[in-house]
S.K.: 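Just passing along the structure, written as structure tokens.
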Amino acid sequence: MKTETIVAVASPPGRGGVGMVRVSGDAARSIAAQVCGIEPTPRHAHFAIFRAADGSALERGLVLYFPAPHSFTGEDVLELHAHGSPVVLDRLVRRTCELGARLARAGEFSERAFLNGKLDLAQAEAVADLIAARSEAQADAALRSLDGEFSRRVEALVQMLVRLRVEVEAAIDFAEDASEAASAATLQRLFADVIAGVAALQNAASRGVRLTDGLHVVIAGAPNVGKSSLLNALAGSARAIVTDIPGTTRDVLRESIVLDGVELTLADTAGLRDATDAVEGEGIRRARAELARAELLLVVTDDARGQFDPAWLSATARAKPRILVVNKIDLSGSPAAREEHHGNVTIALSAHTGEGVDLLRTELRRIALGATGDGAFSARARHVQALQRAAAALATAHNALGVHTPELIAEDLRVAQRALGEITGEFSSEDLLGAIFAGFCIGK
């Protein structure tokens with residue numbers, strides 16, 4: 001089947017030493033002949049002069065040609081490597097369009113790779129994650145997903161589900177023949193294995209999302225307890241204004257830090273109290289909105305005031321993971337310390353002198369990284385949501401054993417398998433694909 005030929009600049013925007021124009025589709029080979037005047041040998045670099053329709057030189061550079069199906073997209077692919085001037089690259093793009101190509105949509109090259117079976121959907125998303133990586137840990141995790149580690153774990157769960165579905169379907173087809181139907185013990189064992197497997201992968205994917213997207217940490221507390229000083233201490237620079245006047249912070253101030261490859265977005269918020277004026281009231285409203293979006297709270301008090309009154313926190317915020325930070329130990333004379341009671345962590349420190357701040361950094365690393373060390377892979381929120389749907393359908397099916405008919409159990413298992421298939425693209429809608437690839441770079 002004939003496919004449209006697409007073209008885009010595949011190198012980053014702006015000027016550079018080298019730029020690259022990528023072409024994919026049936027016309028790639030003929031475009032190479034007309035622009036470069038040569039029949040390129042597959043997977044060999046050729047030096048050529050790139051020419052306009054009248055034969056005048058547009059640029060000179062390298063040509064690479066990858067015939068289908070042995071290319072990134074699975075189609076004929078042409079790469080024109082030139083000097084990295086936006087003007088030069090735009091001229092080459094316009095020349096290829098004159099010869100039958102059209103401008104590619106965002107992510108269309110990766111989309112074609114997925115549609116042509118070169119990548120599954122999780123691997124295609126890992127391409128974008130690798131490009132966007134801001135640390136070595138993120139790059140390593142994205143590369144593991146691109147190499148198929150995440151997809152293989154999903155496929156292993158799908159095979160376990162298929163085995164379970166076979167046993168349940170046998171109970172439907174051979175309901176009157178006990179020798180053909182699975183025993184209750186066999187079903188329980190299969191259910192236990194797949195439920196445990198989905199739970200383990202859900203935890204790993206959640207850590208992968210945290211590694212890919214970072215962790216949203218909100219600093220909250222009463223006025224003048226040192227929230228802004230704590231932000232400055234963690235950021236290593238004077239990002240926030242610090243005064244002795246309560247209510248100095250009126251808006252949400254954000255700063256990003258990286259701990260062992262995981263990005264943390266720190267949000268300093270207005271002190272929580274009854275507002276004294278309309279501006280402070282708006283700051284407190286924004287602070288509460290930030291609390292609702294937080295993934296982790298740093299609830300700050302000072303050593304003289306004692307525990308922070310949780311009544312200031314909304315019901316939503318009270319349910320979030322938190323670290324209680326007891327600040328200003330330089331004034332009270334207390335030592336820096338980490339304590340844990342019933343799973344609640346308290347860090348005593350001085351944001352002013354820096355004493356104990358490393359204890360907080362260590363605790364933030366522990367929470368942010370979890371088990372995202374060696375072997376971690378990149379993941380996205382939609383992957384976790386799909387795993388949650390699969391887990392819910394499995395739980396419903398498991399609870400129905402011995403209560404409902406096998407037909408209802410089989411339907412829940414089908415729903416679980418479909419949810420897993422959405423991760424790799426075995427089951428996907430056009431709307432889902434459009435939303436995913438629209439977030440990619442042009443040219444990728």
Side-chain angles (χ1 to χ4, degrees), residues 215-257 259 264-275 280 283-314 316-341 344-368:
L215 184 66
H216 185 44
V217 182
V218 174
I219 304 172
N224 217 31
V225 294
K227 299 185 300 299
S228 296
S229 296
L230 183 61
L231 174 72
N232 290 342
L234 289 171
S237 64
R239 288 286 291 114
I241 297 173
V242 177
T243 73
D244 294 331
I245 304 171
T248 301
T249 302
R250 298 299 183 96
D251 203 349
V252 177
L253 179 64
R254 295 179 176 84
E255 179 70 9
S256 293
I257 64 173
L259 296 176
L264 277 68
T265 300
L266 304 174
D268 179 24
T269 59
L272 299 176
R273 66 174 181 179
D274 294 328
E280 185 182 11
I284 292 173
R285 186 196 68 78
R286 294 186 182 190
R288 294 192 182 282
E290 198 72 19
L291 290 175
R293 293 192 292 270
E295 295 174 280
L296 175 67
L297 300 182
L298 299 185
V299 179
V300 185
T301 185
D302 67 50
D303 206 19
R305 298 191 193 194
Q307 296 291 313
F308 174 66
D309 182 2
W312 283 106
L313 297 175
S314 66
T316 300
R318 281 197 296 272
K320 305 233 181 221
R322 73 180 68 172
I323 301 172
L324 178 63
V325 178
V326 180
N327 192 21
K328 302 188 181 182
I329 61 171
D330 55 307
L331 300 180
S332 66
S334 299
R338 177 194 184 277
E339 297 181 354
E340 184 170 353
H341 299 288
N344 298 313
V345 174
T346 299
I347 305 287
L349 55 77
S350 169
H352 177 65
T353 67
E355 184 181 5
V357 173
D358 282 345
L359 293 175
L360 179 58
R361 286 198 179 96
T362 298
E363 190 64 24
L364 288 172
R365 283 189 189 93
R366 183 187 68 81
I367 295 172

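Side chains are part of it too, since the values below use all heavy atoms of this structure and drop only hydrogens, waters and symmetry mates.
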S.K.: Do you know which two heavy atoms are closest between P335 and A348, and how far apart they sit?
M.R.: O-CB, 3.8 Å
S.K.: Once rounded to the nearest 0.5 Å, what's the spacing between atom CD1 of I329 and atom CG of D302?
M.R.: 12.0 Å
S.K.: Could you state the interatomic distance from CG (N232) to NZ (K227), rounded to the nearest 0.5 Å?
M.R.: 12.5 Å
S.K.: Given V345 and I367, is the side-chain contact (heavy atoms from CB on, under 4.5 Å) satisfied, shown in steps?
M.R.: CA-CA 11 Å; V345 174; I367 295 172; over 6 Å; no
S.K.: How long is the gap from CD1 on I219 to CG on L296, to the nearest 0.5 Å?
M.R.: 10.0 Å
S.K.: Determine whether R361 and V357 satisfy the following criterion, side-chain contact (heavy atoms from CB on, under 4.5 Å), listing intermediate values before the conclusion.
M.R.: CA-CA 6 Å; R361 286 198 179 96; V357 173; 3.6 Å; yes
S.K.: So does H352 have more than 12 non-hydrogen atoms from other groups sitting under 6.0 Å from NE2?
M.R.: no
S.K.: Looking at every heavy atom in both R366 and R338, which two are closest together, and how far apart are they?
M.R.: NE-NH2, 4.3 Å
S.K.: I'd like to know if the side chain of N327 and the backbone of A351 have a donor-acceptor N/O pair within less than 3.5 Å.
M.R.: yes
S.K.: Can you measure from OG (S256) to CG (L215) and round to the nearest 0.5 angstrom?
M.R.: 11.0 Å
S.K.: Could you tell me whether the side chain of L364 reaches within less than 4.5 Å of the side chain of I323, counting heavy atoms only?
M.R.: yes
S.K.: Working to the nearest 0.5 angstrom, can you tell me the gap between L349 CG and K328 NZ?
M.R.: 12.0 Å
S.K.: So among D268, I347, L234, L231, which one has a side chain to side chain contact (heavy atoms under 4.5 Å, CB included) with L298?
M.R.: L234
S.K.: If only atom types and distance count, is the side chain of E339 paired as donor or acceptor with the main-chain N or O of T346 below 3.5 Å?
M.R.: no
S.K.: Mind checking what makes side-chain hydrogen bond (donor to acceptor under 3.5 Å, both in side chains) contact with N344, not counting sequence neighbours?
M.R.: none
